[in-house]
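Numbers here simply count residues along the sequence, with the first being 1. Each ligand, and each atom within it, is numbered from 1 in the order the structure gives.
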Amino acid sequence: MEKTVKKIQMVDLKTQYEKIKPEVDAAIQNVLNNTAFINGPEVKAFQAELEEYLGTKHVIPCANGTDALQIAMMALDLKPGDEIITADFTYVATAEVIALLGLKPVLVDVIPDTFDIDINAIEKAITSKTKAIVPVHLFGQCANMEALMQLAKKHNLYVIEDTAQAIGAVYRYTDGTTKKAGTIGTIGCTSFFPSKNLGCYGDGGAIFTNDDALAAKIRMIANHGQSVQYIHDSIGVNSRLDSIQAAILRIKLRDLDNYAAARNKAAAHYDKAFANNSKLKTPARAKYSDHVFHQYTLQLNGVDRDKLREFLASKDIPAMIYYPIPLHMQKAYLDPRYKAGDFPVTEKLCASVVSLPMHTELDEETLNYISSSVLEFVNR
Ligand SMILES: *Cc1c(COP(=O)(O)O)cnc(C)c1O
């Protein structure tokens, strides 16, 4: 048989699946056999295992990460007109649900080295209408949660962590104690979209909280606003994680820390290859957070990004721009409060970042090929 050269992908789910195929296939078959497709025992088992892994009291599974954010905001009884502060440099879902619920997204800039939400900018954006802050643990590294929680406490604000990209990341307080990403704020929200660090084979999401009353309310809202069947105490949504996805997630959760280690190994390779190159700024490591490298994102300095991507594409290496347009410049989110130049860090990042292939299955040979190709273009 001819040896096929493996195509380089941003995320290689196939090779990862092949390594756990017998377990995954058996788990799916098991759900097919017992036909408990919705709210089956796999969902309850996954919920308990994720609670244990995260060290949080309650995990409420739901249909996707966007729903998780929406349900979290509904559970906090936020009212139209309430102001919610979030980062300008993020995936659209964060701001989308704020706008969808008639709340007012208040955007703030990020800090340039870690891509984290800027705590000083949050403080300046707080008004008497501010009700919550939504930090995004972008690319796999936690925002500065200790400072953020102090600020939230001072102003009596809720904190909803968007940890769709950072599940498993460990946050470190200045006194040395640690907590997992998503378990620090009032509520944490995550996504199990296939390409996320803990990805299922379809859509999925979850909400975390340590508050018993809030957990009950979140559960109720995710289930049509009912805690007793056909008794609807509040307007809810229909948002469920199905049993097949839960069965797959149970298997992948056991490997999550190994997956993070594999991602860190790939990141270390890139870091070393690009160290001391004035045209490439490698992602900074915050002293307060582990990095689980959902993305490995370089900042280019004096490099034509489109030409670099074309060059890499010609060598069958994909590279992506996360994210090309700041939220305040997106047509759907244009707002007279904001104009070009208002968030200079985000605007600069959107123009200069590029993310390289990052997943759990990158071998040395592939990493060498990718990094030497980047350097070949940059240094010529
Ligand atoms: C993926 C993602 C979401 C949304 O998750 P879905 O499961 O796709 O709805 C929200 N926020 C961030 C930061 C994400 O990366």
Side-chain angles (χ1 to χ4, degrees), residues 10-11 13 46 50 59-74 84-101 103 105 107-108 110 114-117 132-143 145 148 159-169 181-182 184-185 187-208 222 237-242 244-246 248-249 252 263 283 289 291-297 320-327 330 332-333 346 349-350 353 355 358-359:
M10 287 302 288
V11 181
L13 295 175
F46 171 63
L50 189 57
V59 165
I60 301 101
C62 66
N64 57 65
T66 310
D67 273 10
L69 289 162
Q70 180 178 333
I71 294 164
M73 288 179 205
M74 290 171 77
I84 315 296
I85 298 175
T86 195
D88 191 37
F89 189 54
T90 181
Y91 182 57
V92 69
T94 325
E96 187 174 51
V97 296
I98 298 172
L100 207 58
L101 292 172
L103 310 169
L107 302 173
V108 298
V110 295
T114 59
F115 314 114
D116 279 349
I117 193 163
I133 308 169
V134 186
V136 183
H137 303 321
L138 204 69
F139 303 150
Q141 186 166 245
C142 294
M145 289 304 289
L148 192 144
V159 175
I160 303 168
E161 296 176 72
D162 181 345
T163 191
Q165 301 186 2
I167 192 161
I184 302 164
I187 302 180
C189 296
T190 204
S191 164
F192 305 123
F193 186 77
S195 65
K196 301 284 156 103
N197 289 37
L198 179 59
C200 58
Y201 295 167
D203 272 310
I207 306 160
F208 324 138
V237 295
N238 171 21
S239 190
R240 297 183 283 239
L241 179 74
D242 71 68
I244 288 180
Q245 301 310 332
I248 294 161
L249 286 165
K252 292 187 69 175
R263 288 169 177 274
S289 175
H291 208 315
V292 293
F293 284 99
H294 177 61
Q295 298 297 342
Y296 185 90
T297 303
M320 297 291 285
I321 313 298
Y322 304 118
Y323 295 94
I325 303 173
L327 275 182
Q330 293 281 3
Y333 296 92
T346 298
L349 289 173
C350 289
V353 290
S355 297
M358 172 50 76
H359 54 77

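Summarising the contacts of atom 15 (O) of ligand 1 with E96, Q295, Q165, the nearest heavy atom is found in Q165. Nearest-heavy-atom check against atom 11 (N) of ligand 1 across T163, L138, D162 picks out D162.
Checking only distances, Y91 never comes within under 3.5 Å of ligand 1, N or O to N or O. Among the atoms of G65, some N or O lies under 3.5 angstrom from an N or O of ligand 1. Of the polar atoms of S191, at least one N or O is found under 3.5 Å from an N or O of ligand 1, judged by distance alone.
Using a 4.0 Å cutoff on heavy atoms, K196 counts as a contact of ligand 1. For the ligand labelled ligand 1, residue D203 lies outside the 4.0 Å heavy-atom shell.
Looking at atom 9 (O) of ligand 1, its nearest protein heavy atom turns out to be T66 OG1, 2.5 Å.
Side-chain contact between V136 and Q165: absent, with no pair of heavy atoms (C-beta onward) separated by less than 4.5 Å.
For ligand 1, the atoms lying closer than 4.0 Å to a non-hydrogen atom of V136 are 13 (C).
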task = Could you walk me through whether Y322 and F115 pass the ring pair (Phe, Tyr, Trp, His ring centres under 6.0 Å) test, one step at a time?
result = CA-CA 11 Å; Y322 304 118; F115 314 114; over 10 Å; no

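Between F192 and F46, the ring planes lie perpendicular to each other; the angle is over 60°, past the 30° to 60° tilted range.
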